[in-house]
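So you know, we letter chains A, B, ... as the sequences are listed, proteins then strands, and number each from 1.
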There are 2 protein chains.
Amino acid sequence: MRRMTARPASAHQARLLKLLRDGGPNSRAQLGDQVDLSRSKLAVELHRLLDTGLVVADGLAASRGGRRSHNVRLNPRLRFLGVDIGATSVDVAVTNAELEVLGHLNQPMDVREGPVAVFEQVLDMAGKLKAAGLVEGFDGAGIGVPGPVRFPEGVPVAPPIMPGWDGFPVREALSQELGCPIMVDNDVNLMAMGEQHAGVARNVADFLCVKIGTGIGCGIVVGGQVYRGTTGSAGDIGHIQAVPGGRPCACGNRGCLEAHFSGAALARDAVQVAQQGLSTDLAARLATNGTLTAADVAAAATAGDTTALELIREGGTRVGEVIAGLVSFFNPGLLVIGGGVTGLGHTLLAAIRTQVYRQSLPLATGNLPIVLGELGSTAGVTGAARLISDHLFSPA
Amino acid sequence: MRRMTARPASAHQARLLKLLRDGGPNSRAQLGDQVDLSRSKLAVELHRLLDTGLVVADGLAASRGGRRSHNVRLNPRLRFLGVDIGATSVDVAVTNAELEVLGHLNQPMDVREGPVAVFEQVLDMAGKLKAAGLVEGFDGAGIGVPGPVRFPEGVPVAPPIMPGWDGFPVREALSQELGCPIMVDNDVNLMAMGEQHAGVARNVADFLCVKIGTGIGCGIVVGGQVYRGTTGSAGDIGHIQAVPGGRPCACGNRGCLEAHFSGAALARDAVQVAQQGLSTDLAARLATNGTLTAADVAAAATAGDTTALELIREGGTRVGEVIAGLVSFFNPGLLVIGGGVTGLGHTLLAAIRTQVYRQSLPLATGNLPIVLGELGSTAGVTGAARLISDHLFSPA
DNA sequence: GATCTTTGTCCTGTGAGTGGAGAAAGTATG
DNA sequence: CATACTTTCTCCACTCACAGGACAAAGATC
């Protein structure tokens, strides 16, 4: 199948495409209400969009007391590929133009194997989705990587946890390979975009999205747009000092947030308390598996193990202290907690909430919801699809 | 004199006004180079601006090898009032439309006396500037207050250090009183705008401007625009925890940055070391004046007093620790240090630099200049004038 | 069947904006 | 000093985006 390569020719067309993406099928009249154009102009622009094939007719809507309207929608054959590369696993998903996930695969993997090995696996997973008949070809792809990215060139820069990726031209290489346009961003930013599009952060202008996985990062959204900073490292909060003179960190400093709480740190702590005999539950799990992960701690906590609960509470307090500072500084309208450790759930959330509400200014916290992400592992891939659709649905 | 009340009628006109404000007198040809309009359209818009009186002809420019061009400039009779209300003093200045300070007054004052008393003094100072013949009337005024402001309504909200101001309709009251349009903002934001317009932050898209005076605040500029947060309290970093379990703070918590370093905290520390006999220099100053201020510490440090230097270094380290976290989070392109304590100068700056470069990520600090503000006490009033000019030079 | 509503199309008028011709006002050159 | 070349600025004709009204189509209500 030949893929659509059309791009909107005007800001009006871009606006309409985004309305159809975010609002689904729509009648001309409904679009007219949202877009402040005369019906004639709207008709012209829609005709042009229909000509490009990006938009198709979608039958008649129910009558609202008069003539029935002709619905339009984004071409249902459009397909985006969303790829979320984490430190220890990859998520690959296919979405339609409305960014609904049609198929989703997840596989363990180690980023440190380097870009070539990882992308081989990504292409393999994309192939499986094709074989499942969900898609014949991709009209665009969004890629998230766990480290800073020079945007919009799509090149990782000095990523601490993925040394072999520094300077690798992800965008260029992969758009060759996949034969479609590509955009690359930090995985945390994509999670924020995912929650913004389809999750808890819909219609919030300014918010923070803290992702706690193997590491810790924070997506920053200002005025509905992801803020990436001067060199693309904005939101890199894992190495903020959480405990003065605290634990040594891989970065060379002491007391970094990531050294005190993250998926990796939590697993280390769990092994330690298990070996010290402080938790029979964790000790049993350690004996069975030979190792422990954050998920084990979550399971132990759910089973009521007080030591596991205490580990989570302790870590949440550390994270909460740092976030409290960021809340005072940034004054967000919403704070989203997500990432691999959301399994730790409400124990973690409660610890963070306590700390933020205690330490931040009342004016900043007075009306600040602090919530868990709603999309789980689909946040990243949805955000990736949104990234590329934002790009493709902008004037060329 | 009747004041100009005209506003630009189109985005093009607004653009031209801002170019003339930031670039001074300009020929049509030069404007054309910056504005991407045909010469004919440019001529039309300029004619309209000349008709409003906002712009006037300004003689002929030197020849560049052909016909000499007719310069235009903003009406030299336009006057803005810039007011910067601090915790312990007020700055009032008059500027022309190009935001050059034509006259500047500073007087000690205590904000806690409340808005009525303070504005009486402000109006009195404005009257003196009028009497000096610098101005007949004001075309607009910008007001900075030392606390969070609900923007753009211009109403202080829950300001910790100025209790009597909560909810006082500054914008409404003062625009009545002065008979011209008014905009109100946080003093820290205005300092950032001042340094952006005429100081070290020219042409920097994303930067932070830390103001250390009686309290501590931080102006945040994203994409050239001041970011104010969801409730207007963004940048309020004075109560971020700097020392876990540290000194008690007026806000009820312990270890707040402001409790450990600010003009007020530094003065307290200075009195203490003087009484303990740790510094003969400070002890002498205390005996003479009966009290000590941050300025005394600065003087003692300049005179080589090691205890004073140590106080500054110690405080700068505390501030630097907090700022290091913000730099990791925000990844600015520039960090400006300003406010009353800039008298502490390079000792303070060195301490902050050391801490930030040590603790923040190399990617965020690699190309990050950390500098003192360039404008001193004119930053606030210049920013205030810029605030109102941004407002007046936007389409009505 | 008559009337009212809603939707969509066609058409014309208006105003924004471009680009070229040419006048005005300079400089450089033989 | 005349000529050629440059730069600036204005005027004018033409194009294009867009609004808004007239009108047709299609349905609801009574």
Taking atom [atom2] of [N] as reference, at what distance in whole Å does atom [atom1] of [X] sit?
X: B/Gln13; N: C/dG15; atom1: CD; atom2: P; answer: 16 Å
X: A/Asn71; N: C/dT7; atom1: CG; atom2: C1'; answer: 12 Å
X: B/Asn26; N: D/dT8; atom1: CG; atom2: P; answer: 12 Å
X: A/His47; N: D/dC18; atom1: NE2; atom2: C1'; answer: 16 Å
X: B/Asp33; N: D/dC9; atom1: CG; atom2: P; answer: 11 Å
X: B/His12; N: C/dG15; atom1: NE2; atom2: C1'; answer: 12 Å
X: A/Glu45; N: D/dC16; atom1: CD; atom2: C1'; answer: 12 Å

Given that A/Arg48 and B/Ala43 both sit by DNA chain D, which one's nearest nucleotide is further toward the 5' end?
-> B/Ala43

What does the list of N/O pairs under 3.5 Å between the protein and nucleotides 18-21 of chain C look like, with a distance for each?
{"from": "C/dT18", "atom 1": "OP2", "to": "B/Ser38", "atom 2": "N", "distance (Å)": "3.1"}
{"from": "C/dT18", "atom 1": "OP2", "to": "B/Ser38", "atom 2": "OG", "distance (Å)": "2.8"}
{"from": "C/dG19", "atom 1": "N7", "to": "B/Ser40", "atom 2": "OG", "distance (Å)": "3.3"}
{"from": "C/dG19", "atom 1": "O6", "to": "B/Ser40", "atom 2": "OG", "distance (Å)": "2.6"}

Polar side-chain atom of [X] near backbone of [Y] as donor-acceptor pair, under 3.5 Å:
X: B/Arg48; Y: B/Glu45; value: no
X: A/Arg79; Y: A/Pro76; value: yes
X: B/Asp185; Y: B/Gly144; value: no
X: A/Glu374; Y: A/Glu195; value: no

State, to 0.1 Å, how close B/Gly82 and B/Val381 come at their nearest heavy-atom pair, and which atoms those are.
-> O-CG1, 3.5 Å

Shortest non-hydrogen contact from B/Leu50 toward B/Ala57 = CD2-N, 3.8 Å

Pair A/Arg73 + A/Glu98, salt bridge at N-O below 4.0 Å = yes

Under 4.0 Å protein heavy-atom contact, by nucleotide of nucleotides 24-30 of chain D - B base, S sugar-phosphate only | BBBBS--

Summary of side chain to side chain donor-acceptor pair (under 3.5 Å) pairs that have at least one residue in residues 380-396 of chain A, sequence neighbours excluded | A/Arg21-A/Ser389, A/Arg21-A/Asp390, A/His197-A/Arg386

Check against ring-ring contact (aromatic ring centres under 6.0 Å, His included), A/Phe330 and B/Phe330 | CA-CA 9 Å; A/Phe330 186 73; B/Phe330 185 72; 8.3 Å; no

